[in-house]
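Since the structure comes first, as structure tokens, the remarks are kept for the end.
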Amino acid sequence: MHNALWQQLTPSQRKAVFHIEGPLLVLAGPGSGKTRVITYRIAALIDSGVQPHNICAITFTNKAANEMHQRAIVLGASAEGPRFAGTQSHISTFHSLCVRILRWYADRAEINPNFSIYDETDQARCIKHAVKDCELDTTNFPPARMLDAISNRLKNNLIDVNKFKAIADDFFTQALCRIYDRYQSILAQQNALDFDDLLMKTACLLQNCPDVCGELSNRFKFLLIDEYQDTNRAQYVIAKAIVSQHNNICATGDPDQSIYRWRGADIRNIINFESDWPNAVVVKLEENFRSTPNILTVADSLIVHNQNRKEKRLVPTKQSGKDVVISAFENEAEESQAVAQQVEELTGEGVSLRDMAVFYRVNAQSRVLEEAFIQNKIPYQIVRGVEFYNRKEIRNLLAYLKAIVNPDDEIALLRIINTPARGIGKTTIDRVSAYAGLHKKSFFDALKKVQSIDSLSHAPKAKIAGFVNMLEGFKKDVAGKVAPLAERVFTESGLEKSLRESGPDGQDAIDNVKELISAAALYDQQTEQPSLVDYLQQIALFSDVDAYDTSSNRVALMTLHTAKGLEFENVFIVGVEEGLLPHERSSAGEKDEELEEERRLFFVGITRAKSALYISYARYRTIRGQLLRTIPSQFLFELGTVFDESTQKEQCYDYDDYNESNWQFDTGDLVRHKSFGLGRVKEFIDMGENSVVVVKFNSGQTKSLLLKYAGLSKVNI
DNA sequence: GCGAGTTATGTTTTT
DNA sequence: CATAACTCGC
């Protein structure tokens with residue numbers, strides 16, 4: 001390795017880079033130069049004679065994979081991106097790797113390699129169907145809940161239907177088991193995998209087929225996994241299998257930045273690393289090269305409030321800078337306005353817009369910020385890539401392409417069979433479905449056999465035949481490049497015509513589709529062997545941050561989750577209020593664990609900032625159309641000296657400031673109860689001295705209280 | 001079969 | 001408040 005590069009590393013970083021063989025755990029705090037270490041490590045491996053294609057690096061997003069790819073090229077390591085040529089290092093997300101493995105070993109995994117990847121919308125359809133098929137009602141078995149249980153409790157923990165059957169002992173669990181079973185068979189019928197299946201099927205393949213496991217372990221002689229604290233059980237099993245022949249695993253992560261427990265990430269993976277690989281070398285990177293001491297002090301005093309945590313220091317290396325600013329505003333509009341004004345002030349000081357970012361807890365918060373930025377004519381970008389793919393016109397065109405690749409994909413077929421309108425309505429579809437069910441055929445096969453469906457009259461038969469012919473015609477081009485086929489489908493399906501005729505909104509839609517087609521053309525150009533299957537499977541794994549355009553000079557707006565792994569000179573974190581951060585849906589749980597995850601999320605946000613950090617909350621916020629008084633986040637009081645009474649008295653909300661003389665309550669009032677604490681009035685039933693107040697408390701529980709006994713007091717502003 | 005208009009419903013974070 | 005599901009009249 002070049003001496004100049006060597007010079008750039010600290011002793012700990014060098015140790016992490018040059019410990020080549022055997023298991024290595026890099027516990028890397030925020031801003032510790034972790035990404036640099038990983039890319040240098042890839043270069044060092046190749047320097048020491050390892051073949052590039054024997055290296056497999058796993059990142060958290062495609063964006064991170066692409067960046068690592070670029071950096072590795074600069075270092076001369078000639079790594080490839082998510083697409084696999086065979087002679088270069090494999091750098092991708094876990095999900096992309098699984099797609100690759102499942103396509104390689106489709107026969108062994110007993111799946112058709114043309115599988116569709118179902119996103120949450122598709123999943124919701126299937127789970128609703130499954131619940132209905134099990135003759136259970138959706139009130140007692142809410143589809144969203146069922147899906148969450150199946151995804152996070154079962155699939156991510158590699159509990160398949162059979163395993164679950166064996167342990168399901170009460171009525172509810174048995175019902176869930178039936179739903180799970182039905183859901184999986186619906187997916188199988190449609191030759192579709194959901195996000196969890198990608199991991200679970202791969203993990204099972206590696207567990208059940210020792211030869212496949214051995215082959216892959218020989219292929220990937222060195223495995224690097226970034227953000228290891230956010231891996232789940234399935235990913236752990238896959239990693240363990242890949243390194244089974246050599247134990248050359250290098251994991252990097254930070255337990256304090258674990259923010260995906262809610263979707264199955266298991267912090268024990270990183271905690272137990274040393275017992276999983278007893279000869280593991282552990283390197284700690286505690287020096288922080290990113291943020292000023294001012295920012296790190298705030299981050300540190302926040303995160304020490306987590307009980308369930310190993311102590312770890314943030315060691316600043318930068319000079320002191322600006323103090324962290326914490327402000328209160330009257331409402332979210334003023335808060336956003338203040339952000340915009342601060343942006344302008346910074347711009348006046350010569351700061352580029354690309355060096356500023358605004359973080360929030362929920363996507364809905366982006367709207368009011370957007371308004372303020374538009375009003376002040378400040379260029380911005382909302383970092384939300386999947387939004388594009390959720391547009392109706394995009395989903396429609398993609399549904400055509402999916403149906404061409406995988407005719408068993410009933411969701412895609414049903415979406416396009418009458419889009420644009422071609423006179424195939426609900427009755428016709430029901431009749432085809434009935435025929436398919438009766439003759440145990442797939443929906444598409446039934447469509448092909450439309451002439452033998454007696455319940456249909458001549459006209460619908462002809463329309464269906466035309467539709468099938470059109471799809472079959474498209475199929476001839478499935479092997480080649482994607483963009484030309486997409487273009488052809490767009491025109492010949494009639495989608496373009498129908499959009500053209502639907503007024504000015506239609507033109508926007510056409511432009512969006514054109515954008516999709518140019519993106520596909522880029523894919524065709526950048527991929528050695530472009531294919532429609534590969535393209536569809538790739539874009540299904542697209543993440544929000546993948547759309548982040550770092551080349552344009554705009555302020556970035558994104559959720560705290562999306563901000564993970566990024567850094568900015570100037571950071572704004574808005575809406576730091578009880579119910580929002582921590583989010584009410586997380587503090588509603590019994591356990592502190594969810595509150596601690598929210599705290600880690602805030603910690604992640606804070607530690608993205610390099611030189612300036614602005615934290616704010618609004619005293620009033622309109623939530624679902626209701627103007628509500630907010631409570632400042634408990635986290636604000638944990639930030640150390642910054643948010644104390646002497647400096648922030650007028651902005652600081654006083655918890656003891658309430659009076660006891662109020663007997664009239666209104667919906668939305670903030671109240672305090674002796675034992676339940678703070679809460680908000682949901683309903684006031686006025687019956688004189690027997691009045692009942694329904695209160696939703698901060699603990700998450702909702703109580704109906706008799707006013708005269710409750711000892712409720714209204715909390716004043 | 002189709003679309004407009006109405007009513008119910010459900011609200012975090014994401015690969 | 002925003003979207004999905006549903007009804008009704010053509």
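A note on names: the letters A, B, ... follow the listed sequences, proteins ahead of strands, and every chain is numbered from 1. The structure displayed is predicted, hence computed values, not measured ones.
When each of A:W262 and A:I429 is assigned the nucleotide of DNA chain B bearing its nearest heavy atom, the one mapping closer to the 5' terminus is A:I429. Nearer the 5' end of DNA chain B, as judged by each residue's closest nucleotide, is the contact made by A:G425, out of A:G425 and A:E597.
Taking 4.0 angstrom as the limit, A:K128 places a side-chain polar atom (N or O) nearer than this to OP1 or OP2 of C:dA5.
Comparing B:dT13 with C:dA4, their P atoms are spaced 15 Å from each other, to the whole Å.
Atom CD1 of A:I127 is separated from atom P of C:dA4 by 19 Å (rounded to the nearest Å). A:K426 has its NZ atom 15 Å from the P atom of C:dC8, to the nearest Å.
Along DNA chain B, read 5' to 3', the first and last nucleotides having any atom under 4.0 Å from a heavy atom of chain A are B:dG1 to B:dT15.
A salt bridge is defined here as a Lys NZ or Arg NE, NH1 or NH2 lying under 4.0 Å from an Asp or Glu carboxylate O, and A:E577 with A:R629 fails to meet this definition. Under a 4.0 Å N-O distance rule, the pair A:D122/A:R395 qualifies as a salt bridge. Between A:R309 and A:E596 there is no salt bridge, since none of the side-chain N atoms of the basic residue sits less than 4.0 Å from a carboxylate O of the acidic one. Taking a cutoff of 4.0 Å between a charged side-chain nitrogen and a carboxylate oxygen, A:D194 and A:K155 qualify as a salt bridge.
Using a 4.0 Å heavy-atom distance criterion, A:D119 is classed as making no nucleic acid contact. Using a 4.0 Å heavy-atom criterion, one finds that A:D196 contacts no nucleic acid atom at all. Among the atoms of the strands shown, none is found under 4.0 Å from any heavy atom of A:T61. If you check every strand for non-hydrogen atoms under 4.0 Å, A:Y260 touches sugar and phosphate atoms only. A:T427 comes within contact range of the sugar-phosphate backbone alone, with a heavy-atom separation under 4.0 Å but no base atom that close. Counting non-hydrogen atoms under 4.0 angstrom, A:R367 reaches the backbone sugars and phosphates but no base.
Between A:S258 and A:R600, some side-chain heavy-atom pair lies under the 4.5 Å cut-off. Put simply, the side chain of A:Q190 does not reach to within 4.5 Å of the side chain of A:F443, judged on heavy atoms.
A distance-only check finds no donor-acceptor pair linking the side chain of A:Q634 to the backbone of A:E578 [under 3.5 Å].
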